[in-house]
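Notes for the one structure printed next.
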Amino acid sequence: MSTASDQPYPAVDKPDFPAIETRILARWDEAGTFQRSIDERPEENEYVFYDGPPFANGLPHHGHLLTGYVKDAVPRYQTMRGKKVDRRFGWDCHGLPAEMETEKQLGVSGRVAITEYGIDNFNEACRTSVMKYTSEWEKTVTRQARWVDFENDYKTMDIDYMESVIWAFKQLWDKGLIYEANRVMPYSWGAETPLSNFEIRLDDATRPRQDPAVTVAFELTPNEGDPGVMKMLAWTTTPWTLPSNLGLIVGPDLDYSVMELNGEYLILGSATVANYEKELEGAVEHSVVKGVDLLERTYTPLLPYFADRDDLNAFRVLSGDFVETEEGTGIVHTAPGFGEDDQRIGEENGVGMVVPVNDQGRFTDEVTDFAGQNVLEANSDIIKHVKALGQLIKHETYEHNYPHCWRTDTPIIYRALPSWYVKVTDFRERLVELNQEINWIPDNVQNGRFGKWLEGARDWSISRNRFWGSPIPVWRSDNPEYPRIDVYGSLDELEADFGVRPDNLHRPYIDELVRPNPDDPTGQSMMRRVPEVFDCWFESGSMPFAQVHYPFENKDWFEEHYPADFIVEYINQTRGWFYTLHVLAGALFDKPSFQNVICHGILLAEDGQKLSKKLRNYTEPTEIFDKQGSDALRWYFMNSNIVRGGDARISDRGIDEVTRQVMLPVWNAYSFFTLYANIDGYRAQLRTDSTDELDRYILAKLRSVIEATTEAMDSYDLAGATAQITTFLDALNNWFIRRSRDRFWGPEMTEDKQNAFDTLYTVLINFLKLSAPFLPMITEEIYTSLTGEESVHLAAWPEADDFPADPELVENMDRVRTVVSAALRLREDQGLRVRLPLQTLTVAGSDSGALDPLSHLIADEVNVKNVAFSEDLGAFAEFALQPNGKVLGPRLGGDVQKVFGAAKQGAWSQNDDGSIEIAGYTLTPEEFTLNVKPAEGVTAAALPSNDAVVVLDIDVTPELEAEGLARDIVRAVQEARKTEDLVVTDRIALTLDLTEAGAAAVHAMEAYVCEQTLATSIGYGTVDNGHDAAGVGTLSFTVANS
RNA sequence: CGAAACGUAGCUCAGUCUGGGUAGAGCACCGCUCUGAUACAGCGGGGGUCGAUGGUUCAAGUCCAUCCGUUUCGACCA
């Protein structure tokens, strides 16, 4: 016996996976293993991975975890392949969410309040609050065993990063790809900010609201031939936009009725006349005209605040394809400053734009009657005013779904704001071309979701009217009489013109850079920065170069390492980060930004709903980490088709299943090995030269699993890789180890035992390497315990060529497994338990003799004395005809059904040349297959390969019966040993109290019983309170260690 | 409203592109078996009108059409 001190491996306990993980994380931290995994790889063999920055001011959730696991698994694999993979964490610091959070904290809300509070104070508050959750992120990311560099992170609010961002803007400006335009956006006057479409779609943001719906009359400028005063009736639910009315829109193909009423002629859509029964009481239809006939007529402004603005080219009847007659009058009043369609129609017809509404949603002084009033509150006054003018036809209340600001709960309005654009439409085709150079996983995204998005790309609005962001680096003359625009792309350029070098590019400091306009001879006008800041998506799209402060630093490195090898995010980033990276890459460098990209799917809760904090329909990540561990969760995700772009539900049961199906089997293979290696005090060697067929089998299997896993990983198919590993794990545990068990039991260290140890060890070590990217902590624990090395993640990925190929052996072994399955099924059918030995099993089929070298495995598994092989299949089996429809269909047409029918009936015969006569046709060998089925009266079963049968001799002789009984008793002893908590090496003195048959059976096989049960002696006598002995008596024993 | 993806066993999903004959796997359930690894595993069973309807075809889970349902997207969500 060995003692603990000479045990070569640490004893293996029942695993507590979360505890093991925590220990491994601490060890990595102390040893700096992550840094070593980078430092020890050659500089010239770099693999570039971009870590997309999350919003810094939110907590990590399951979606981030999922992406994080992929972000970790691929770099770990590449590191093992010898690549140097830097992994810098990034923080997306700017943007509206950050400002919102700060407003909430400070209790300061809205543009005015922020300005009063001080932009400097506000932005400083943003700066501190935005990093509030970084420690939470670091904790979670570390706990999930993601290796990321937090020390050397990048932040979009760093001055270096921001300088690269303005550099990019300047580049685009110089290429003529930047322009400024008014753009109608959803606008919250409560928050004094434009909102995204995304925000107005938030839960509950859009809900029913009652608004006035008014029909008002616009008097047309008289034309020759008019029957009299003509008025066009327009319907609107936003009376407050009437002061800004600049046009009326008709559908060119629609019919419009001219209704005579009290000497006036009212025009409205013919289909809508019925809606105005009351208002048109007594009216007579004078005529019907087409919309196209009304085009370009002019009218008197209803509310004449802009009546003398000839430059607006306004107050005309215009054409719009969206005009409908289901509601309203078929005539749409348009105010280009306050609606997206309105803006488009205005632009198409050369109509200008007025926006007499300020940031607080109040009318400006231009609207003299209502100046200072909130536009929605002004609605009723405007209606009264129109009524007084005699132009109000109808006033109703209208309930519709209306968007609200999700933060202030005020109704939003649509309003034009100046905005800076990237002219994506100018280089859209090139973006489509460059997309073809990217390897997308799944591949349908390339020309599907992403490709289609690119084809329909619109110009990209990149500015926001906010405070906390990189500044749009445009300085403009404050006197339009002396126009001048300067754009700056670096601190140097700013310093050259303004005489100071900014040490902070944020507002308000950047706004303090002001200088006289060089183009103004009077010296009065000044160059001032425009107020906008960048949309944070422009900043995250700049990440590849901005994180290294390109081109101000790292110029050569960036140019040699762009595009990136790999990125991963969830599928909806086709509109987000994937897109902004691609646009900026195309515009700035005429290259794609990344070569390989995984778009994983969307994570849903177990109930199929989206993950929702409100519904609490998922288990918190921390709870999963504590109970099941991160590796189980990681494998669960990596083995799911969510990493192939599909959606997936997260289920606690699914994660438990990973523990049972993957983690525990891995652990038990390890535990098995160390248990017996420690008993023998044997330290195993890495060797692949064993000649034992089981060893050669598992080594050859290992070779093919290395090939398959490597191939899957190289094509970024993580689910495929994990599936390969699972299949191998089954062969390792449930065939190799199970079949090899007795090789580890002998008391002596034989050559065979040594082979078994070394092979199992070699296979385990390499298996752990293959699994390391997917189970980084559990494999680390096992690998380091077995090898004493520092880390599996510092090891090299296995090479398939280092392991012997033996396809023939693998094939035969797999065939043995099917023979065994078939034989066990026969036993079951016959009710013959496996412990009862049978005399003979015959494998009948051509070339069945190839299994002869492995026959002892069959004999042992099936418990038969002899395994025979026969080439004479016909002696044991009949054949069933399976016509090949794919070939016969085209030849026979409808008659193919007759052939199938006849085959089913068995109405066919085989000719000497092997062809088949059936239903009047002759089938050539490629037109059918013959399936084996056991002959009548033979206990036999066909193999799935359909070319052989397994025949079992079911004659049970008294000798066999006795031997079976002896084995039953051995089994009972083993069971009792387990119950009494004996160590597997404990020797016993056994006492049996059996029936005559039982005693006879044991007598006949005493040596066998002793060997199997580690009994040093067997006594026969009375046993009180013993264990059941296979139903033929009782047994007891005492430990008799020598 | 528009677009896309999906819909196959109680659950998670293969198979559908390229049509071929009793529709598969894993899990769960039931029974049996094995166990000198306290893990498991092996064998068997029940469980499916392949979302619905119609069409094309000798033949449809697979191709076409329509419909229904779920999810996502419709320019600030991993």
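Proteins come first, then strands; the chains are lettered A, B, ... in the order of their sequence lines, and each starts at number 1. Just so you know, these numbers use all the heavy atoms, side chains as well, and skip hydrogens, waters and symmetry mates.
Comparing the C1' positions of U57(B) and U62(B) gives a spacing of 13 Å, expressed to the nearest Å. U16(B) and A78(B) have their P atoms separated by 34 Å, with the value rounded to a whole Å.
Side-chain proximity of Arg458(A) to A75(B), A41(B), C76(B): nearest is A75(B). When the nucleotides A78(B), A37(B), U33(B) are ranked by their closest atom to the side chain of Arg833(A), U33(B) comes out on top. Here the side chain of Glu569(A) is nearest to one of A78(B), U35(B), G21(B), namely A78(B). Closest to the Ala457(A) side chain, of the nucleotides U35(B), A75(B), A78(B), is A75(B). The side chain of Arg741(A) sits closest to A37(B) out of A78(B), A37(B), C27(B). Of the candidates A37(B), C76(B), C40(B), the closest approach to any side-chain atom of Asn734(A) belongs to C40(B). Ranking C76(B), A78(B), A37(B) by closeness to the Trp537(A) side chain, first place goes to C76(B). When distances are taken from the side chain of Tyr676(A) to each of A37(B), A75(B), A28(B), the shortest belongs to A37(B). Closest to the side chain of Trp745(A), from the set A37(B), A78(B), G74(B), is A37(B). Which of G26(B), C34(B), U72(B) sits closest to the side chain of Glu657(A) comes down to G26(B).
The residue Gly95(A) sits apart from the nucleic acid: no heavy atom pair falls under 4.0 Å. Within 4.0 Å (heavy atoms only), Ser821(A) reaches sugar-phosphate atoms of the nucleic acid but no base atom. When heavy atoms are screened at a 4.0 angstrom cut-off, Val834(A) is found touching the sugar-phosphate backbone but no base atom.
Here Lys423(A) does not pair with Asp459(A) in a salt bridge; the nearest charged N to carboxylate O distance is not below 4.0 Å. Comment: Arg739(A) engages Glu861(A) in a salt bridge, judged by a side-chain N to carboxylate O separation of less than 4.0 angstrom.
Atom P of nucleotide G2(B) and atom CH2 of Trp453(A) are separated by 19 Å, given to the nearest angstrom.
Both thresholds, 5.5 Å between centres and 30° between ring planes, are not jointly met by Tyr579(A) relative to the base of A75(B), so the two rings are not stacked. Both geometric conditions, a ring-centre gap below 5.5 Å and a plane tilt below 30°, are fulfilled for Tyr570(A) over the base of A78(B).
Between the side chain of Glu828(A) and the base of G44(B), no donor-acceptor pair of N or O atoms lies under 3.5 Å. Evaluation of atom-type donor-acceptor distances gives a pair under 3.5 Å for the side chain of Gln897(A) against the base of G21(B).
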Here RNA chain B, pairs taken as Watson-Crick or G-U under 3.5 Å and shown with ( ), [ ] when crossing and | when to another strand, reads ((((((((.[[[[.)....(...]]]].(((((.......))))).....[[[[[..)....]]]]])))))))....
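The aromatic rings of Phe89(A) and Trp137(A) sit tilted relative to each other, their planes meeting at an angle between 30° and 60°.
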